[in-house]
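A short worksheet on the structure shown next.
We use all heavy atoms of the structure for the numbers below, so side chains are in, but hydrogens, waters and symmetry mates are not. Residue numbering restarts at 1 for every chain, and letters A, B, ... go by the order of the sequence lines.
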Protein chains: 2
Amino acid sequence: MASGERLPSGVLDIHAEAEPLRLEGFLPYRLNMLATEVSQTLARAYGRKFGISIPEWRVLATLGQFGVMTARDIGGHSRMHKTTVSRAVAALEKRRLIVRRANRADMREAFLALTDAGTTIYQEIVPMARAFSDSLCEGLSETELRQMNVLIDKLAERVASLGNG
Amino acid sequence: MASGERLPSGVLDIHAEAEPLRLEGFLPYRLNMLATEVSQTLARAYGRKFGISIPEWRVLATLGQFGVMTARDIGGHSRMHKTTVSRAVAALEKRRLIVRRANRADMREAFLALTDAGTTIYQEIVPMARAFSDSLCEGLSETELRQMNVLIDKLAERVASLGNG
DNA sequence: GTGGGTTTGTTTCAGCTGAAACGATCAAGT
DNA sequence: ACTTGATCGTTTCAGCTGAAACAAACCCAC
């Protein structure tokens, strides 16, 4: 049976097989393909150039944006698992791209911040990331871009409520 | 400096720091967050119920859609790495959800197809996946949904050309 | 202050992933 | 037929991921 075809009205086809799912038209699948491709293409770019993994880039990006943060807050903002953050932070600290300073008011956590070297790399990656994003959005009108962001927000809100509720 | 603010025209601020990147407004990041959340929420649903991983579900879905295929074609259509396909196929075959039949015309490859048990599970997952997708798209108008698909296509095409060219 | 429960961050461990090497098969040229 | 090179699929191996266990520090009621 062709997609979109209908049974004669009033007839319930209890015994018919379910219509097969066309994967390439299935929104969750389409979203995931696109996002994976986008993410990996960008990651290849800065990975080749700076030897930075995705979690490491996210830590750099978060610290570049907010200045000083704890590992917990970095994870919260960039939605990374605390173990992922812990390892990315350890790697970046070893390469002296970030520093860890004690919080005397709470010795469990530590304040993290970019070093000068870290800031330098950050400021090299940011234009690369922006150029990539701009190039990606080339061909989308201003209206389409706004629409895309609205749609992402709506879907994100929806999936969050599906996951929890 | 606030986002969107401009320097006085004619002035190049050679020495100014680059504007920090707002991660939560950065399209590649936003896309990835959304897709990951959508994918994992759906995977949790059929994972809990049927003990099926994402690669396994993709193999089932591809075979459910196309009937008989080789591992190579499954990977090509669902964009999975050949080792991922190989392992998903082995697991599904062990559970007798798919069968492998030799291609006498080319003994390197094998024809794969759903068994009755595999078809049964497939036909149970499909409505669940459809319901999830429908529920996700609730709140999006027909127009917005069309627009979303147009935008995904445009971005996918664009990122493909960025990756290769 | 002490004990019980919580929070921050690290480590351990088991599972997943993909690059690379591999065996088997095929196709084409000689 | 034999060699060469490509293709299909599996296995190996090294790296990444997150759940769970853990240590250290915190908070608070008693």
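One atom, CZ of B/Arg104, and another, C1' of C/dA24, lie 19 Å apart when rounded to the nearest Å. What separates CZ of B/Arg58 from C1' of C/dT17 is a distance of 13 Å, to the nearest Å. Rounding to whole angstrom units, CD1 of residue A/Ile54 and P of D/dT17 are separated by 8 Å. Atom CG in B/Asn103 sits roughly 13 Å away from atom C1' in D/dT7 (whole-Å rounding). The interatomic distance linking B/Met69 (CE) with D/dG9 (C1') rounds to 16 Å, in whole Å. When rounded to the nearest whole Å, the span between CD of B/Gln40 and P of C/dC16 equals 14 Å. A straight line from CZ of B/Arg101 to P of D/dC8 spans 20 Å, rounded to a whole angstrom. D/dG9 atom P lies 9 Å from atom NZ of B/Lys82, rounded to whole Å.
Side-chain proximity of A/Arg108 to D/dC26, C/dA19, D/dG9: nearest is D/dC26. Among D/dT10, C/dT25, D/dG18, the nucleotide with an atom closest to any side-chain atom of A/Thr83 is D/dG18. Distance from the side chain of B/Arg87 is smallest to D/dT12 among C/dT10, D/dT12, C/dT11. Minimum atom distance to the side chain of A/His81 is reached by D/dG18, of the listed C/dA19, C/dG9, D/dG18.
Residue-to-nucleotide proximity on DNA chain D shows that, of B/Val89 and A/Met80, the 5′-proximal contact is made by B/Val89. Comparing B/Arg100 and A/Met107 along DNA chain D, the residue whose closest nucleotide (by nearest heavy atom) sits nearer the 5' end is B/Arg100.
Of all non-hydrogen atoms in B/Phe50 and B/Met128, the two that sit nearest each other are CE1-CE, 4.3 Å.
Counting non-hydrogen atoms under 4.0 angstrom, B/Ser53 reaches nothing in the nucleic acid. Nucleic acid contact class of B/Ala110 (heavy atoms, under 4.0 Å, all strands): sugar-phosphate only.
Between the side chain of A/Arg30 and the backbone N or O of B/Ile152, no donor-acceptor pair lies under 3.5 Å.
Within the 4.0 Å cut-off from OP1 or OP2 of C/dG9, not a single side-chain nitrogen or oxygen of A/Ser86 is found. When the side-chain nitrogen and oxygen atoms of B/Arg72 are compared with OP1 and OP2 of D/dT10, none of them lie within a distance under 4.0 Å. Phosphate contact (OP1/OP2 of D/dG18, side-chain N/O of A/Thr84, threshold under 4.0 Å): present.
A salt bridge links A/Glu144 with B/Lys154; the closest basic N to acidic carboxylate O contact falls under 4.0 Å.
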Determine, stepwise, if the pair A/Lys49 / A/Glu124 fulfils salt bridge (Lys or Arg N to Asp or Glu O under 4.0 Å).
-> CA-CA 10 Å; A/Lys49 200 155 184 174; A/Glu124 288 182 80; over 6 Å; no
Could you list the donor-acceptor pairs under 3.5 angstrom formed between side-chain atoms of residues 133-140 of chain A and any protein atom two or more places apart in sequence or on another chain?
residue	atom	partner	partner atom	Å
A/Ser135	OG	B/Arg158	NH2	3.4
A/Glu138	OE1	B/Arg158	NH2	3.1

